[in-house]
Amino acid sequence: MSGRLVVALMTKWCTLPTPPAAAPIPLHLSGSALLRPPPLYAPPRATRTIAMNTTNQDQDSLDALFKQKRILRSNVRKALKSMDPTLRSHEDNAIQNIVLEAPWFKSCQRLCAYISCSALREVDTSRLLSEILQSPLKEGDVQLRKKLYVPRVEDKNSHMRMLNISCIDDLVANSMNILEPAPVDSGGNEREDVMQASDPVDLLLLPGLAFDRSGRRLGRGGGYYDTFLTRYQELAKAHNWKQPLLVALSYSAQILDEGVIPITPHDVLVDALVSPAGVIPISPTALDRMKL
């Protein structure tokens with residue numbers, strides 16, 4: 001296959017399921033709510049990025065692939081917009097409960113997490129952030145506060161930084177009314193950028209528009225997370241650090257059949273999904289770190 005590119009394009013679209021009515025949904029969670037992966041999932045690979053040789057790429061094929069992504073984004077946005085608010089709240093609470101009780105979350109010391117935006121219909125992270133930023137326990141207790149980095153978009157060229165914050169008041173609304181960390185703290189000091197930190201992060205909690213059980217993630221088209229994740233993975237490799245666990249938070253309606261989400265040269269696969277039903281480990285890394 002060397003020197004060749006195979007791109008799989010769908011010939012027809014599947015219809016996204018209409019979210020169910022807002023009736024209470026019983027959750028049957030045991031232990032850490034860990035769900036075994038399906039029989040088919042992304043095979044082990046040295047890197048979790050999609051490798052594609054575009055030396056002789058047919059531009060028409062790439063254009064068709066990006067068009068396919070745009071149509072899929074539109075379909076998923078419609079499904080999320082039609083989601084009943086009561087169901088959304090139920091799933092938000094279930095997902096955050098699962099994360100808060102997960103051993104891999106409790107044990108992490110440094111992490112990156114997104115700040116949810118209700119207008120974008122992202123899975124809520126407000127309770128997760130509050131738990132992370134809560135006051136540290138009394139002096140001498142072995143449990144310490146986790147170190148948190150959150151995103152700040154710097155420009156329209158897929159440049160996003162992850163900056164350290166210590167409280168919710170460190171966040172300010174940007175031009176799109178999305179909360180971000182101010183570049184300097186109240187004392188005028190520059191916030192620590194995770195790319196300049198002396199210690200690695202253990203975990204990244206990621207948003208997205210759609211996902212599948214092989215680890216594919218469909219973003220919003222800006223390329224901010226894929227660009228950042230690639231840079232951080234390269235940094236970790238250069239420092240001989242353990243790669244962080246990439247965990248996406250997903251409503252039930254956002255998990256699509258395998259093969260529906262197209263891939264492009266710079267897409268980064270996630271290691272695991274957290275849905276209202278539990279944790280879906282995907283990569284060998286997730287299977288190892290999320291053992292019951």
Side-chain angles (χ1 to χ4, degrees), residues 47-50 52 54 59 62-63 65-67 69-70 72-74 76-77 80 110-123 125-126 129 147-198 200-201 203-211 216-239 243-244 246-249 261-270:
T47 175
R48 295 285 295 165
T49 56
I50 300 294
M52 296 173 66
T54 58
Q59 188 59 46
L62 275 179
D63 289 343
L65 187 148
F66 286 119
K67 180 179 179 181
K69 279 197 169 190
R70 288 194 298 270
L72 184 56
R73 288 188 183 101
S74 177
V76 175
R77 287 191 181 101
L80 290 174
R110 294 166 295 275
L111 75 156
C112 296
Y114 71 95
I115 302 164
S116 56
C117 175
S118 58
L120 296 178
R121 297 177 175 84
E122 294 173 329
V123 172
T125 57
S126 58
L129 298 180
K147 192 166 189 178
L148 174 65
Y149 299 87
V150 296
R152 176 181 173 84
V153 173
E154 296 292 343
D155 55 40
K156 296 182 179 180
N157 298 314
S158 303
H159 182 204
M160 180 180 73
R161 301 166 68 198
M162 288 281 182
L163 304 181
N164 175 236
I165 64 170
S166 57
C167 66
I168 293 295
D169 291 341
D170 290 341
L171 303 175
V172 295
N174 64 13
S175 60
M176 298 181 64
N177 205 35
I178 298 174
L179 292 177
E180 293 183 327
V184 296
D185 61 23
S186 57
N189 302 307
E190 289 192 10
R191 297 191 185 281
E192 182 181 61
D193 187 319
V194 74
M195 296 298 293
Q196 276 78 53
S198 56
V201 294
L203 172 68
L204 283 97
L205 297 179
L206 307 172
L209 266 180
F211 312 91
R216 295 184 183 188
R217 169 186 171 273
L218 179 71
R220 297 182 180 276
Y224 291 97
Y225 273 93
D226 286 321
T227 300
F228 169 78
L229 292 173
T230 299
R231 290 177 60 229
Y232 194 83
Q233 288 174 334
E234 291 171 351
L235 177 72
K237 184 177 180 180
H239 285 277
Q243 291 289 344
L246 308 183
V247 179
L249 308 185
I261 300 176
I263 56 175
T264 52
H266 305 294
D267 287 342
V268 177
L269 302 179
V270 300

Return the set of residues passing side chain to side chain donor-acceptor pair (under 3.5 Å) with [X] (not counting sequence neighbours), or none when no residue passes.
X: Ser158; value: none
X: Glu154; value: Arg152, Arg161
X: Tyr149; value: Glu192
X: Thr227; value: none

*asked:* Please give me the minimum heavy-atom distance between Ala113 and Val150, naming the atom from each residue.
replied: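 In this case the closest contact between Ala113 and Val150 is O-CG1, 3.4 Å.
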
*asked:* Ignoring hydrogens, what is the shortest heavy-atom contact between Gly219 and Leu209? Give both atom names and the distance.
replied: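 Closest pair (atom of Gly219, atom of Leu209, distance): O-CD1, 3.7 Å.
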
For [X], enumerate each residue passing the side chain to side chain contact (heavy atoms under 4.5 Å, CB included) test, keeping only those at least two apart in sequence or located in another chain.
X: Arg110; result: Lys147, Asp199, Pro200, Val201, Asp202
X: Leu203; result: Trp104, Phe105, Cys108, Leu111, Leu205, Leu245, Val247
X: Ala173; result: Asn177, Leu179
X: Ser74; result: Lys78

*Could you grab the distance from atom CE of Met160 to atom CG of Leu229, nearest 0.5 Å is fine?*
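The CG atom of Leu229 is 7.0 Å from CE of Met160, to the nearest 0.5 Å.
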
*Can you list every pair that meets salt bridge (Lys or Arg N to Asp or Glu O under 4.0 Å) and has a residue in residues 227-238, with sequence neighbours left out?*
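Every pair satisfying salt bridge (Lys or Arg N to Asp or Glu O under 4.0 Å) with a residue in residues 227-238: there are none.
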
